[in-house]
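Remember, predicted model here, so these are calculated numbers, not experimental data. All chains are named by letter (A, B, ...) in the order of the sequence lines, taking the proteins before the strands, and each is independently numbered beginning at 1.
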Protein chains: 4
Amino acid sequence: MARTDKTEAPARGRPRNHRTHGAIITAANEILSEQGFAALSFEGLAARAGVSKTSIYRRWSSKGELLLDLYMSEVSEPPEVPGRSFPEALEEYLMLTVVRLETPWWSVAIRSLVAEAQSDEALAKLVRQKVVGPRRAAVRKLMIQAFKQGELATSADIEVLLDMLFGAMWYRLLLSHAPFDRRFVSDLVDGFMDMAGAG
Amino acid sequence: MARTDKTEAPARGRPRNHRTHGAIITAANEILSEQGFAALSFEGLAARAGVSKTSIYRRWSSKGELLLDLYMSEVSEPPEVPGRSFPEALEEYLMLTVVRLETPWWSVAIRSLVAEAQSDEALAKLVRQKVVGPRRAAVRKLMIQAFKQGELATSADIEVLLDMLFGAMWYRLLLSHAPFDRRFVSDLVDGFMDMAGAG
Amino acid sequence: MARTDKTEAPARGRPRNHRTHGAIITAANEILSEQGFAALSFEGLAARAGVSKTSIYRRWSSKGELLLDLYMSEVSEPPEVPGRSFPEALEEYLMLTVVRLETPWWSVAIRSLVAEAQSDEALAKLVRQKVVGPRRAAVRKLMIQAFKQGELATSADIEVLLDMLFGAMWYRLLLSHAPFDRRFVSDLVDGFMDMAGAG
Amino acid sequence: MARTDKTEAPARGRPRNHRTHGAIITAANEILSEQGFAALSFEGLAARAGVSKTSIYRRWSSKGELLLDLYMSEVSEPPEVPGRSFPEALEEYLMLTVVRLETPWWSVAIRSLVAEAQSDEALAKLVRQKVVGPRRAAVRKLMIQAFKQGELATSADIEVLLDMLFGAMWYRLLLSHAPFDRRFVSDLVDGFMDMAGAG
DNA sequence: TAATAAGCGAGACGGTACGTCATGTCTTACA
DNA sequence: TGTAAGACATGACGTACCGTCTCGCTTATTA
């Protein structure tokens, strides 16, 4: 995360130039799209953005932090659409991810994020907080409601149910043994409801 | 994979020295255990193994290839134990993975392998062939038998069922949002049987 | 030549460290004296000088360039001593070279410089500019004066005369078929005056 | 020199294959013509000639030795043409060298030979024996005859005279400060005769 | 005719060095 | 204090050659 997020900021000395900031973000996104995360170096990024390395290090201390920032800056909260049945709501929610990942940038970003997190515990923690947690929370909320309304009927642990749903998604995304597409989400939700649905 | 796997060589030139080979493997395993995959460089590996860089490049063209070889050389086929019920066989099979991953070396190896594969399609393909595929095949076989014997009763696609089971495993392993332990496997199998089991 | 010779830099960024510079020069001179030019590698030089390879490459792009710099930094202009006859002045001038080359360092340096220039046209050009040209100019000046004052009497082209004198010097130096010593210079000047002198 | 030149040769074991020999020579000449001596490596040469490195090392222990062999194999003795005046004979002799060096191959070969000899005393000795010595001997012979016949009149040491003539040639060849061409040889001989000739 | 000896290609091997790239830190002048 | 520029030590990259070696095989001479 950008280090200025410390909220205080009494603003001493020369203020940060937001054009510098933007140039870095833009260049990073371009490199990510064109060559992937492995090709993203602070050195090359500085050159492409026309910015000094110092200015980048001042904002992010690792490639992972920068990557997470890029990722987060693009995510927006899904609109709550009430009045749906559980399977509809679930499919709609999961579909958002699939649709997003049809854009190569997103695919590269999220896969790199997880890859990077394997050897960077700080980043891993952030990923759990910013990416994994909120999604589980959203679906957990849907599930609890569905249990209440009798749409779900299983004695399995709800956390395990979340693991099975999201796990299947990440599994296809990261291991690529089969397509990660709308059809898959549809099948996944159908299969899940077939097993866990009431009736 | 080591490049000598090109089927049958007619044995020309000076043969490979298996001591050299062994020294590399040993040193690589040590570095992996002690410092992790990020600290594994061909340069340092050569120094530690007392071997020239050329001798390493001759065998593996990337760190990922080497890593997969290290991984594969340690895997052994699980003994077939007949006469079990499906949930017992499934739990036993999945438990093998959990037990293995209690050793830090295994955890580092497999997580690095997947991380590396995110930006190396050739490696990704090998991982699917050597790691993902056989495991799915093994459990698929168990499932088919279970369906026949009436232990499983669901109309969900079998591939989706595999995605949910293995997905949950990988998800906990790679995202670490919750413990990846024996308890988890037990809960997972219980939950799965609760939903998909007959009766 | 060191790359900073680009006229006047407006001094941007961190300035070059002259201690780094000095350490390189010193180490290079030592290696040259002790082991000769063939043993001079950028790798070894960096190690000996306690300096990074980058810092060397930043200054010189080839061993030849560095060598010329080492050579030039040691050369000083010969003092003009007026009131001599032409043969005395000539002998004194050429003798300076012989005396210098009695030191092994000089011999190694200049011979390596010419050797290197055989396959490096950029270096060859520099050698002509910095080494060959000034020496010819100095002796050409003496000759013109000698012609004016009647000390030389020959209709041979002055450039050819220079070729014969300097050529004889380089020939003995590079081919080593006979000693390159004070006696030789003395004989050379005597022979030259015997043929080209007036009277 | 090829190591088999030891004259004895009771010929045991499998005899050398002259096609192998020829392939090496041919390839070496090609590389020399196309890319120069600096680009000539035993490794690359073996590949180009379709020959093993061993086969090359068996014949020549260094690039210099090989180069001298290439050079010598192309040289033929100049035909003695009697009945000429000294300046005519001298010019004809020196002109042979100039003409030969108009071919790039020759220029590269001889310049590389001298360059290499600067750091390889064994090669230097061979060059003196095979290249420098015979040429000096030939012209020395001409000079002695010329002195006897009154065509030369100078008290300068004959060795110094040879140094001036050949020195001027090598000087232009190796330092390239001025053209090394027929015009130069003509001027050189003219200048020399102007100074040293009788009358 | 068998033994012996060398030639030969292929290619492994431990080395050394290459020239480049990226890291993260630093130092400077200027804003 | 931010910034661009760039120096710096470090360390790794992947490649090229070096000169030596070890193989299987071939081609000669000698016993």
For this session: Would you kindly check if the NZ (Lys) or CZ (Arg) of C:K63 is within the cone defined by 45 degrees around the ring axis of C:F42 and under 6.0 Å from the six-membered ring centre?
Result: no

Exercise. What's the CD-P distance between B:E43 and E:dC18, to the nearest Å?
Worked result: 14 Å

For this session: Return the value, rounded to whole Å, for the distance between atom CG of D:L66 and atom P of F:dC18.
Result: 11 Å

Exercise. Hey, which of B:E116, B:Q118, B:R111 is the one that makes side-chain hydrogen bond (donor to acceptor under 3.5 Å, both in side chains) with A:Q118?
Worked result: B:R111

For this session: Please report the shortest heavy-atom distance between C:L40 and C:A28, naming the atom on each side.
Result: CD1-CA, 4.3 Å

Problem set entry | Any side-chain heavy-atom pair of B:S62 and B:D120 under 4.5 Å | yes

Exercise. Do the non-hydrogen side-chain atoms of B:L68 and B:M72 ever get within less than 4.5 Å of each other?
Worked result: yes

Exercise. Once each nucleotide of nucleotides 8-13 of chain E is scored for protein heavy atoms under 4.0 Å, what B/S/- sequence comes out, 5' to 3'?
Worked result: BBBBBB

Seminar exercise, completed: Sorted by position of nearest nucleotide on DNA chain F, 5' first, the leading residue of B:G44 and D:K63 is B:G44

Exercise. Should the ring pair B:Y71 and B:W106 be called parallel, tilted or perpendicular, given that the plane angle runs from 0 to 90° and is split at 30 and 60?
Worked result: perpendicular

For this session: Can you tell me the distance, in whole Å, between the CZ atom of B:R19 and the C1' atom of E:dG14?
Result: 14 Å

Seminar exercise, completed: D:F37 CZ to F:dC17 P, in whole Å, measures 14 Å

For this session: Provide, to the nearest angstrom, the distance between the CD1 atom belonging to D:I31 and the C1' atom belonging to F:dC17.
Result: 13 Å

Exercise. Expressed in angstrom and rounded to an integer, what is the separation of D:I56 atom CD1 from F:dC17 atom P?
Worked result: 12 Å

Exercise. What is the distance from CH2 of D:W60 to C1' of F:dG19, rounded to the nearest Å?
Worked result: 17 Å

Problem set entry | Residue mapping more 5' on DNA chain E - nearest nucleotide basis, A:S41 or C:L40 | C:L40

Problem set entry | A:Y57 side-chain proximity, nearest of F:dC13, F:dC18, E:dG24 | E:dG24

